[in-house]
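Numbering of ligands and ligand atoms starts at 1, following listing order.
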Amino acid sequence: MRKDSKIYVAGHRGLVGSAILRKLKSEGYTNLQYKTSKELDLRDKNQVDRFFQEEKPEYVFLAAAKVGGIVANNEYPADFIRDNLLIQTNVIDASYRNNVEKLLFLGSTCIYPKMAPQPLKEEYLLTGELEPTNEPYAIAKIAGIKMCESYNRQYGTKYISAMPTNLYGENDNFDLKTSHVLPALLRKFHEAKDSKAPFVEMWGTGTPKREFLYSDDLADACLFLMNNYGGNEIVNIGVGEDIKIGELGEKIKAVVGYDGEIRFDTTKPDGTPRKLVDVTTINSLGWKATTSLEEGLQKAYRWFLENEIIKK
Ligand SMILES: NC(=O)C1=CN([C@@H]2O[C@H](COP(=O)(O)OP(=O)(O)OC[C@H]3O[C@@H](n4cnc5c(N)ncnc54)[C@H](OP(=O)(O)O)[C@@H]3O)[C@@H](O)[C@H]2O)C=CC1
Ligand SMILES: C[C@H]1O[C@H](OP(=O)(O)OP(=O)(O)OC[C@H]2O[C@@H](n3cnc4c(=O)[nH]c(N)nc43)[C@H](O)[C@@H]2O)[C@@H](O)[C@@H](O)C1=O
């Protein structure tokens, strides 16, 4: 990308899109395009076509999606498969028809089979059954990967599919019904501390393991891939280390400074037992995550205190 290339960040108000936008600005990219979902509903092909015809972006970061935690995915499977298929199909196809130079599509590690060997290598895609709580979302993401690969093969486009592990950071979703575990716990422990509640309830058994990548590191990886990667294979993005959900709870409890008890609501699903990504590919290309979980948790909690609390 040149510093004056026309770059469209789809989903610029979300966790990932806002981190990509911050990174582009801090690196001196000046010709940036973005629209809220109210201004441009990416599920609507006509709106998407009009936008691409008028604006003619040269590079596209596709970080707009219907996203949610384990329970939201489980309760609204139709919304997750429909919205994601529509958004990504409209944006990828409009990019092709309007000669976008390069596009980066964001998938997720839930595309890998539930019982795949760990760490998850890129080649494990489509080698087994998916985790049922997010299968419709994962199928949409797999369709996005295959669409990028197929357009590259048939039309010679340069579309990259990146598979990030679980993410957290600024502009995360802190709504307890729809959020992922890390922002949910920051909020739950903070509110319990505030109200002097005797315990905090976490979902599931606390035994599944997850890997967490800070959103600014992910944005750095996305720019790195856009500028340095031209292959047709998917690329994992992660830190290469995971932690039990129960231990994550203990860490967040300490960061927030809450001294009550942790209880587990085992009527809620655990989801996939483990999804640690193999980061050999991106490391060998020359990229590595730099933010430790401890540092990232401090940053995310500070951001929550300075921004989310005000909304209440
Ligand atoms: N969060 C995570 O842990 C992970 C996320 N990912 C992937 O990263 C990408 C971004 O996720 P994340 O930033 O967490 O998600 P967020 O929910 O934080 O943000 C999603 C963004 O998408 C936009 N969007 C949603 N629907 C539409 C629509 N119909 N038209 C236009 N824009 C729309 C929203 O725009 P607006 O604000 O204007 O409504 C929002 O800013 C997704 O592809 C997700 O699958 C992958 C792995 C883990
Ligand atoms: C990124 C990824 O995100 C989703 O998958 P997930 O990793 O299973 O999502 P999660 O963050 O919501 O949960 C992780 C673990 O944590 C436990 N857990 C404890 N207490 C809370 C809690 O309070 N909230 C939530 N959400 N989970 C909790 C929860 O029971 C589970 O065992 C996919 O649907 C899919 O969208 C996807 O790609």
Enquirer: Of the choices Ser108, Cys110, Ala19, Gly107, which has the non-hydrogen atom that lies closest to atom 7 (C) of ligand 1?
Expert: Gly107
Enquirer: Could you check whether any side-chain heavy atom of Lys66 comes within less than 4.5 Å of a side-chain heavy atom of Tyr137, counting everything from C-beta outward?
Expert: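 Answer no - side chains too far apart.
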Enquirer: Do Asn152 and Thr157 make a side-chain contact, defined as non-hydrogen atoms from C-beta onward lying under 4.5 Å apart?
Expert: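 Contact flag for Asn152/Thr157 side chains = yes.
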Enquirer: Considering Tyr168, Phe264, Trp203 one by one, which has a heavy atom nearer to atom 17 (C) of ligand 2 than any of the others?
Expert: Trp203
Enquirer: Indicate whether the side chain of Ser179 and that of Asp172 have a donor and an acceptor atom separated by less than 3.5 Å.
Expert: no
Enquirer: How many angstroms lie between atom NZ of Lys35 and atom NE2 of His12, to the nearest 0.5 angstrom?
Expert: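 Going from the NZ atom of Lys35 to the NE2 atom of His12 covers 9.5 Å.
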Enquirer: State which residue, out of Arg13, Arg22, Arg302, fulfils the salt bridge (charged side-chain N to carboxylate O under 4.0 Å, His left out) condition with Glu170.
Expert: Arg22
Enquirer: Name the closest protein heavy atom to atom 30 (N) of ligand 1, giving the residue it belongs to and the distance to 0.1 Å.
Expert: Leu42 N, 3.0 Å
Enquirer: So, taking the atom named OG1 in Thr281 and the one named CD1 in Ile234, what distance separates them when rounded to the nearest 0.5 Å?
Expert: 9.0 Å
Enquirer: Just need the protein heavy atom nearest to atom 15 (O) of ligand 1, so name the residue and atom and give the distance.
Expert: Val67 CG2, 3.4 Å
Enquirer: Contact between ligand 2 and Glu131 is defined here as a heavy atom of the residue under 4.0 Å from a ligand atom; is it met?
Expert: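 Glu131 does not count as a contact of ligand 2 under the 4.0 Å cut-off.
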Enquirer: So, is Ala65 polar-close to ligand 1, with some N/O to N/O distance under 3.5 Å?
Expert: yes
Enquirer: Quick check: does Leu15 get an N/O under 3.5 Å from an N/O on ligand 1?
Expert: yes
Enquirer: Using the six-membered ring of Phe199, assess whether NZ or CZ of Arg263 lies under 6.0 Å from its centre and within 45 degrees of the ring axis.
Expert: yes
Enquirer: I'd like to know whether Asp216 forms a salt bridge (charged side-chain N to carboxylate O under 4.0 Å, His left out) with Lys23, so could you lay out the CA-CA distance, the side-chain angles of the two residues, the decisive distance to 0.1 Å, and finally the verdict.
Expert: CA-CA 7 Å; Asp216 286 344; Lys23 183 73 190 164; over 6 Å; no
Enquirer: Assess Arg43 for proximity to ligand 1: is some non-hydrogen atom of it under 4.0 Å away?
Expert: yes
Enquirer: Check ligand 2 against Ser179 and write out every atom of the ligand that is under 4.0 Å from a heavy-atom position of the residue.
Expert: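 Every atom of ligand 2 under 4.0 Å from some heavy atom of Ser179: 26 (N).
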Enquirer: What do we get for Asp172 next to ligand 1 when only non-hydrogen atoms under 4.0 Å count, side chain, backbone, both or neither?
Expert: neither
Enquirer: Is there side-chain contact between Pro136 and Arg82, with at least one heavy-atom pair below 4.5 Å?
Expert: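 A side-chain contact under 4.5 Å is absent here.
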Enquirer: Can you list the steps and then say if Tyr8 with Tyr34 is a ring pair (Phe, Tyr, Trp, His ring centres under 6.0 Å)?
Expert: CA-CA 6 Å; Tyr8 170 44; Tyr34 38 87; 8.9 Å; no
Enquirer: Within the 4.0 Å heavy-atom shell around Pro208, which atoms of ligand 2 are there?
Expert: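 That gives atoms 32 (O) of ligand 2.
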Enquirer: Please confirm whether Lys35 approaches ligand 1 to less than 4.0 Å, judged on its heavy atoms.
Expert: no
Enquirer: Can you confirm whether Leu225 sits close enough to Ile282 that some side-chain heavy atom of one is under 4.5 Å from a side-chain heavy atom of the other?
Expert: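 Side chain of Leu225 against side chain of Ile282, heavy atoms only: contact under 4.5 Å found.
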Enquirer: Using a 4.0 Å cut-off to any heavy atom of Thr36, which atoms of ligand 1 qualify?
Expert: 38 (O)
Enquirer: Hey, which atoms in ligand 2 end up nearer than 4.0 Å to a heavy atom of Ser108?
Expert: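 So the atoms of ligand 2 that pass are 37 (C), 38 (O).
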Enquirer: Please could you name the atoms of ligand 1 that His180 approaches to less than 4.0 Å, counting only its heavy atoms?
Expert: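 Result: 1 (N), 2 (C), 3 (O).
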Enquirer: Which residue supplies the protein heavy atom nearest to atom 44 (C) of ligand 1, what is that atom called, and how far is it?
Expert: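 Answer for atom 44 (C) of ligand 1: Tyr137 OH, 3.5 Å.
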Enquirer: What are the atoms of ligand 2, with element, lying closer than 4.0 Å to any heavy atom of Ala184?
Expert: 22 (C), 23 (O), 24 (N)
Enquirer: State whether the side chain of Glu129 and the backbone N or O of Lys114 hold a donor-acceptor pair below 3.5 Å, judged by distance alone.
Expert: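 The answer is no, because no donor-acceptor pair under 3.5 Å joins these two groups.
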Enquirer: Specify the protein heavy atom at minimum distance from atom 37 (O) of ligand 1: its residue, its atom name, and the distance to 0.1 Å.
Expert: Arg13 NE, 3.2 Å
Enquirer: To which protein heavy atom is atom 33 (C) of ligand 2 closest, and what is the distance rounded to 0.1 Å?
Expert: Asn134 ND2, 3.2 Å
Enquirer: Tell me the protein heavy atom at minimum distance from atom 8 (O) of ligand 1, and give that distance in Å.
Expert: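 Among all protein heavy atoms, the one nearest atom 8 (O) of ligand 1 is Val16 CG2, 3.6 Å.
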Enquirer: Assess whether a salt bridge exists between Glu58 and Arg2, defined as any Lys/Arg side-chain N lying under 4.0 Å from an Asp/Glu carboxylate O.
Expert: yes
Enquirer: Below a 4.0 angstrom heavy-atom separation, can you tell me which part of Lys268, side chain or backbone, both or neither, approaches ligand 2?
Expert: neither
Enquirer: Heavy-atom distance to atom 5 (C) of ligand 1: which of Val181, Ile237, Leu167 wins?
Expert: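 Answer by nearest heavy atom: Leu167.
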Enquirer: Out of all atoms in ligand 1, which are within 4.0 Å of some heavy atom of Gly11? Include the element for each.
Expert: 21 (C), 22 (O), 23 (C), 41 (O)
Enquirer: Please verify whether a non-hydrogen atom of Asn173 lies at under 4.0 Å from ligand 1.
Expert: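 Distance cut 4.0 Å: Asn173 fails for ligand 1.
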Enquirer: For atom 19 (O) of ligand 1, find the nearest protein heavy atom and state the residue, atom name and distance (0.1 Å precision).
Expert: Gly14 CA, 3.3 Å
Enquirer: Are any of the N or O atoms of Gly68 closer than 3.5 Å to those of ligand 2?
Expert: yes
Enquirer: So which heavy atom in the protein is nearest atom 29 (N) of ligand 1, and how far is it from that ligand atom?
Expert: Asp41 OD1, 2.9 Å
Enquirer: Do you know the tightest heavy-atom contact between Ala63 and Val16?
Expert: CB-CG1, 3.8 Å
Enquirer: Where is the tightest heavy-atom contact between Tyr168 and Ala300, given as atom of each residue plus distance?
Expert: CD1-CB, 4.0 Å
Enquirer: So for Thr165, does at least one of its heavy atoms come nearer than 4.0 angstrom to any atom of ligand 1?
Expert: yes
Enquirer: Can you list the ligand 2 atoms lying under 4.0 Å from a non-hydrogen atom of Pro269?
Expert: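 Checking each atom against Pro269, I get 29 (C), 30 (O).
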Enquirer: So, is Met202 polar-close to ligand 2, with some N/O to N/O distance under 3.5 Å?
Expert: no
Enquirer: What I'd like to find out is whether the side chain of Val91 reaches to under 4.5 Å of the side chain of Phe52, using heavy atoms alone.
Expert: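 They are in side-chain contact.
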Enquirer: Consider every N or O of Asn73 and every N or O of ligand 2, then say whether any pair is closer than 3.5 Å.
Expert: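 Yes, there is a polar N/O contact under 3.5 Å.
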Enquirer: If you measure from each heavy atom of Glu201 to ligand 2, is any distance below 4.0 Å?
Expert: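 Judged by the 4.0 Å heavy-atom criterion, Glu201 does not count as contacting ligand 2.
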Enquirer: Under 4.0 Å from atom 34 (C) of ligand 1, is there any protein heavy atom?
Expert: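 For atom 34 (C) of ligand 1 the answer is no, since every protein heavy atom stays at 4.0 Å or beyond.
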Enquirer: Hey, which atoms in ligand 1 end up nearer than 4.0 Å to a heavy atom of Leu40?
Expert: 30 (N), 31 (C)
Enquirer: Mind checking whether Thr133 has a heavy atom under 4.0 Å from ligand 2?
Expert: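 Checking ligand 2 against Thr133, which is what was asked, there is no heavy-atom contact under 4.0 Å.
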Enquirer: Leu62 to ligand 1: N or O pair under 3.5 Å?
Expert: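 Not met; the criterion fails.
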Enquirer: Quick one: are the ring centres of Tyr151 and Tyr155 less than 6.0 Å apart?
Expert: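 Here the rings of Tyr155 and Tyr151 have centres that are less than 6.0 Å from each other.
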Enquirer: Which ligand 2 atoms does Cys110 reach within 4.0 Å, using its non-hydrogen atoms?
Expert: 38 (O)
Enquirer: Hey, is Arg210 one of the residues with a heavy atom under 4.0 angstrom from ligand 2?
Expert: yes
Enquirer: Give the single entry among Ala64, Ala162, Ser37, Gly17 that approaches atom 38 (O) of ligand 1 most closely by any heavy atom.
Expert: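 Going through Ala64, Ala162, Ser37, Gly17 one by one, Ser37 has the nearest heavy atom to atom 38 (O) of ligand 1.
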Enquirer: Heavy atom to atom 31 (C) of ligand 2, shortest distance: which of Ile111, Val181, Asp270 holds it?
Expert: Asp270
Enquirer: In terms of residue, atom name and distance, what is the protein heavy atom nearest to atom 26 (N) of ligand 1?
Expert: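 Result for atom 26 (N) of ligand 1: Ile87 CD1, 3.7 Å.
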Enquirer: Which part of Lys141 is near ligand 1, with near meaning a heavy atom under 4.0 Å away: side chain, backbone, both or neither?
Expert: side chain
